[in-house]
S.K.: 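I'd like to ask you about the structure that follows.
Order of the sequence lines fixes the chain letters, A, B, ..., with proteins taken first and strands second; residue numbering starts at 1 for each chain. All values below come from the heavy atoms of this structure, side chains included, with hydrogens, waters and symmetry mates left out.
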Amino acid sequence: MRLLRRSELPVDTVALARYLIGKTLVRELPEGRVSGRIVETEAYLVGDAAAHAFRGLTPRNRSLFLERGHAYVYFIYGNWHSINVSGETRGVGAGVLLRALEPLEGIASMRLRRPGAEMADIARGPGRLATALRIDRRLDGMDLCAAGSLWLGSGVKRRGPIGVSVRIGLSREVNRELRFYERGSPYVSGPRWLSL
DNA sequence: AGTGCGATTGACT
DNA sequence: GTCAATCGCACTA
């Protein structure tokens, strides 16, 4: 597993959302490395009414406007964090929501933060993923293409077919098929019929 | 200054 | 399957 270079990331948010399936998200913690294989993503595009960047740059969403490959971490529902990877050039607000991981390294560490969770549930869902990797707003704006406490790594296994569906949990733009997932993976979130 | 709600989760029926 | 929890942020006035 090696650090992905920014030049390897597609210069298009939809292409990036597909590209990230099968790649890894790596978190370096004092107790050791925690990592997982990305199995589910959603793209949030320019002009997309469901996107946090839709109404322009604000203090909260500014990381979405960074050069592709930076982290946008936000706090939601008073309890959870979610992480996006910015997807366009500097000044353009778009990103890829990371929705689920297949745990690879540091599973014991993840379990400490996800007590009682079944293996498949440890990082299934954006809030759970962030909890498992101890991701919070302090990591907002971090360059994921640089060695540090959070970074994107190359793929570690052969990739299965990628499925496409509508995005989960939205009240706007509900028909756009911008969710991508690894078919057959037990680590993918959402209702089963969405992941066939 | 006040209001409404959200890219969710976990507990409970 | 249903639903409350919980609070930062954007928007209105």
S.K.: Applying the 4.5 Å side-chain criterion to the ILVMFWY set and letting contacts propagate, would A/Leu129 and A/Leu29 be lumped into a single cluster?
M.R.: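 A/Leu129 and A/Leu29: one cluster.
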
S.K.: Rounded to whole angstroms, how far apart are CD1 on A/Ile168 and C1' on B/dT9?
M.R.: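 Going from CD1 in A/Ile168 over to C1' in B/dT9 covers 13 Å.
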
S.K.: Do any of residues 45-53 of chain A sit with a heavy atom less than 4.0 Å from DNA chain B, and if so which?
M.R.: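 Nucleic-acid contacts, sorted: A/Ala50, A/His52.
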
S.K.: Anything under 3.5 Å between a protein N or O and an N or O of nucleotides 4-6 of chain C, put it in a table, one pair a line.
M.R.:
residue	atom	partner	partner atom	Å
C/dT6	O2	A/Tyr77	O	2.5

S.K.: Could you check whether any side-chain heavy atom of A/Leu16 comes within less than 4.5 Å of a side-chain heavy atom of A/Val11, counting everything from C-beta outward?
M.R.: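 Side-chain contact under 4.5 Å: no.
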
S.K.: With DNA chain B as reference, determine whether A/Arg114 or A/Gly95 sits nearer its 5' end, using the nearest nucleotide of each.
M.R.: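 Of the two residues, A/Gly95 wins.
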
S.K.: Please write out each protein N/O paired with an N/O of nucleotides 9-11 of chain C under 3.5 Å, distance rounded to 0.1 Å.
M.R.:
residue	atom	partner	partner atom	Å
C/dC9	OP1	A/Arg137	NH1	3.1
C/dA10	OP1	A/Thr58	OG1	2.2

S.K.: Is the NZ or CZ atom of A/Arg183 both under 6.0 Å from the centre of the six-membered ring of A/Tyr181 and within 45° of that ring's axis?
M.R.: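 No, cation not above the ring by the 6.0 Å, 45° rule.
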
S.K.: Please confirm whether the shortest side-chain N or O distance from A/Arg128 to OP1 or OP2 of B/dG10 is below 4.0 Å.
M.R.: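 Affirmative; the distance criterion is met.
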
S.K.: Do A/Asp48 and A/Arg176 make a side-chain contact, defined as non-hydrogen atoms from C-beta onward lying under 4.5 Å apart?
M.R.: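 Answer yes - side chains close enough.
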
S.K.: For side-chain hydrogen bond (donor to acceptor under 3.5 Å, both in side chains), just list the numbers for A/Ser82 and A/Arg128, CA-CA rounded to whole Å, side-chain angles, deciding distance to a tenth of an Å, and then say yes or no.
M.R.: CA-CA 9 Å; A/Ser82 291; A/Arg128 293 164 170 177; over 6 Å; no

S.K.: Under 4.5 Å between side-chain heavy atoms, hopping through other hydrophobics if needed: is there a path connecting A/Val26 to A/Leu150?
M.R.: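 No.
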
S.K.: Between atom CG in A/Leu170 and atom C1' in B/dA7, what is the gap in whole Å?
M.R.: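 From A/Leu170 CG to B/dA7 C1': 6 Å.
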
S.K.: Any side-chain heavy atom of A/Lys23 sitting closer than 4.5 Å to one from A/Leu4?
M.R.: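 When only atoms from C-beta onward are counted, A/Leu4 and A/Lys23 do touch, with a gap below 4.5 Å.
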
S.K.: Less than 3.5 Å apart, any donor N or O on the side chain of A/Ser189 or A/Glu40 sitting next to an acceptor on the other?
M.R.: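 Checked: A/Ser189/A/Glu40 side chains pair up, N/O donor to acceptor below 3.5 Å.
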
S.K.: Applying a strict under-4.5 Å side-chain criterion to I, L, V, M, F, W and Y, I'd like to know whether A/Val96 and A/Tyr74 cluster together.
M.R.: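 Looking at the clustering, A/Tyr74 is in a separate group from A/Val96.
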
S.K.: Determine the Euclidean distance between corresponding C1' atoms of C/dC3 and B/dC5; express it in Å to zero decimal places.
M.R.: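 Approximately 16 Å lies between the C1' atom of B/dC5 and that of C/dC3.
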
S.K.: Where do A/Arg134 and A/Glu31 land on the salt bridge (charged side-chain N to carboxylate O under 4.0 Å, His left out) test, with the steps shown first?
M.R.: CA-CA 12 Å; A/Arg134 198 191 288 170; A/Glu31 68 265 31; 3.5 Å; yes

S.K.: In what stems does DNA chain B take part, counting only runs of at least 3 consecutive Watson-Crick or G-U pairs whose two distances fall under 3.5 Å?
M.R.: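 Stem list for DNA chain B: B:1-6 with C:7-12, B:8-12 with C:1-5.
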
S.K.: To the nearest Å, give me how far apart CG (A/Leu64) and C1' (B/dA7) are.
M.R.: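 Those two atoms, CG and C1', are 11 Å apart.
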
S.K.: Expressed in angstrom and rounded to an integer, what is the separation of A/Asp121 atom CG from B/dT8 atom C1'?
M.R.: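 Interatomic distance, CG of A/Asp121 to C1' of B/dT8: 14 Å.
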
S.K.: Would you tabulate the side-chain donor-acceptor contacts of residues 56-73 of chain A under 3.5 Å, counting partners in other chains and residues two or more places apart, or write 'none'?
M.R.:
residue	atom	partner	partner atom	Å
A/Thr58	OG1	A/Arg60	N	3.4
A/Thr58	OG1	A/Asn61	N	3.3
A/Thr58	OG1	A/Asn61	OD1	3.4
A/Asn61	OD1	A/Thr58	N	2.8
A/Asn61	ND2	A/His52	O	3.0
A/Asn61	ND2	A/Gly56	O	2.9
A/Ser63	OG	A/Asp140	OD1	3.0
A/Ser63	OG	A/Asp140	OD2	3.2
A/Ser63	OG	A/Gly141	N	3.4
A/Glu67	OE1	A/Arg90	N	3.3
A/Arg68	NE	A/Leu9	O	2.9
A/Arg68	NH2	A/Arg6	O	2.9
A/Arg68	NH2	A/Leu9	O	3.2
A/His70	ND1	A/Glu67	O	2.7
A/Tyr72	OH	A/His52	ND1	2.7

S.K.: Does A/Glu102 pair with A/Lys157 as a salt bridge, N-O distance under 4.0 Å?
M.R.: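 Between A/Lys157 and A/Glu102 there is a salt bridge, with a charged N closer than 4.0 Å to a carboxylate O.
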
S.K.: Without decimals, in angstroms, what is the distance between A/Leu129 CG and B/dT9 C1'?
M.R.: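 That distance rounds to 14 Å.
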
S.K.: Verify side chain to side chain contact (heavy atoms under 4.5 Å, CB included) between A/Leu152 and A/Leu20, making sure each step is shown before the conclusion.
M.R.: CA-CA 9 Å; A/Leu152 285 170; A/Leu20 289 177; 4.1 Å; yes

S.K.: When you look at A/Arg18 and A/Val164, which way does the side chain to side chain contact (heavy atoms under 4.5 Å, CB included) test go after all the steps?
M.R.: CA-CA 9 Å; A/Arg18 282 181 172 276; A/Val164 183; 3.6 Å; yes

S.K.: Check DNA chain B against residues 178-196 of chain A and give the residues with a non-hydrogen atom under 4.0 Å, in numerical order.
M.R.: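 None - not one residue of the stretch has a heavy atom sitting under 4.0 Å from the strand.
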
S.K.: Is it true that the side chains of A/Thr24 and A/Arg37 contain a donor and an acceptor less than 3.5 Å apart?
M.R.: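 Result is no, nothing qualifies.
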
S.K.: Within the 3.5 Å criterion, strictly below it, is a donor on A/Glu88 or A/Thr13 matched to an acceptor on the partner's side chain?
M.R.: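 Side-chain D/A pair, A/Glu88 to A/Thr13: present.
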
S.K.: If I take atom NE2 in residue A/His81 and atom P in nucleotide C/dC7, what distance separates them, rounded to the nearest angstrom?
M.R.: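 Distance check: A/His81 NE2 to C/dC7 P gives 12 Å.
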
S.K.: Base, sugar-phosphate, or nothing: which does A/Arg172 touch, judged by heavy atoms less than 4.0 Å apart?
M.R.: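 Answer is nothing: A/Arg172 stays at 4.0 Å or more from every strand.
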
S.K.: Rounded to whole Å, how long is the line connecting atom CZ of A/Arg167 with atom P of B/dG6?
M.R.: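 Value for this atom pair: 15 Å.
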
S.K.: Rounded to whole Å, how long is the line connecting atom CD1 of A/Ile76 with atom P of B/dC5?
M.R.: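 Going from CD1 in A/Ile76 over to P in B/dC5 covers 13 Å.
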
S.K.: Look at the side-chain heavy atoms of Ile, Leu, Val, Met, Phe, Trp and Tyr, link any pair under 4.5 Å apart, and say whether A/Val188 and A/Leu98 land in one connected group.
M.R.: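 Yes, same cluster.
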
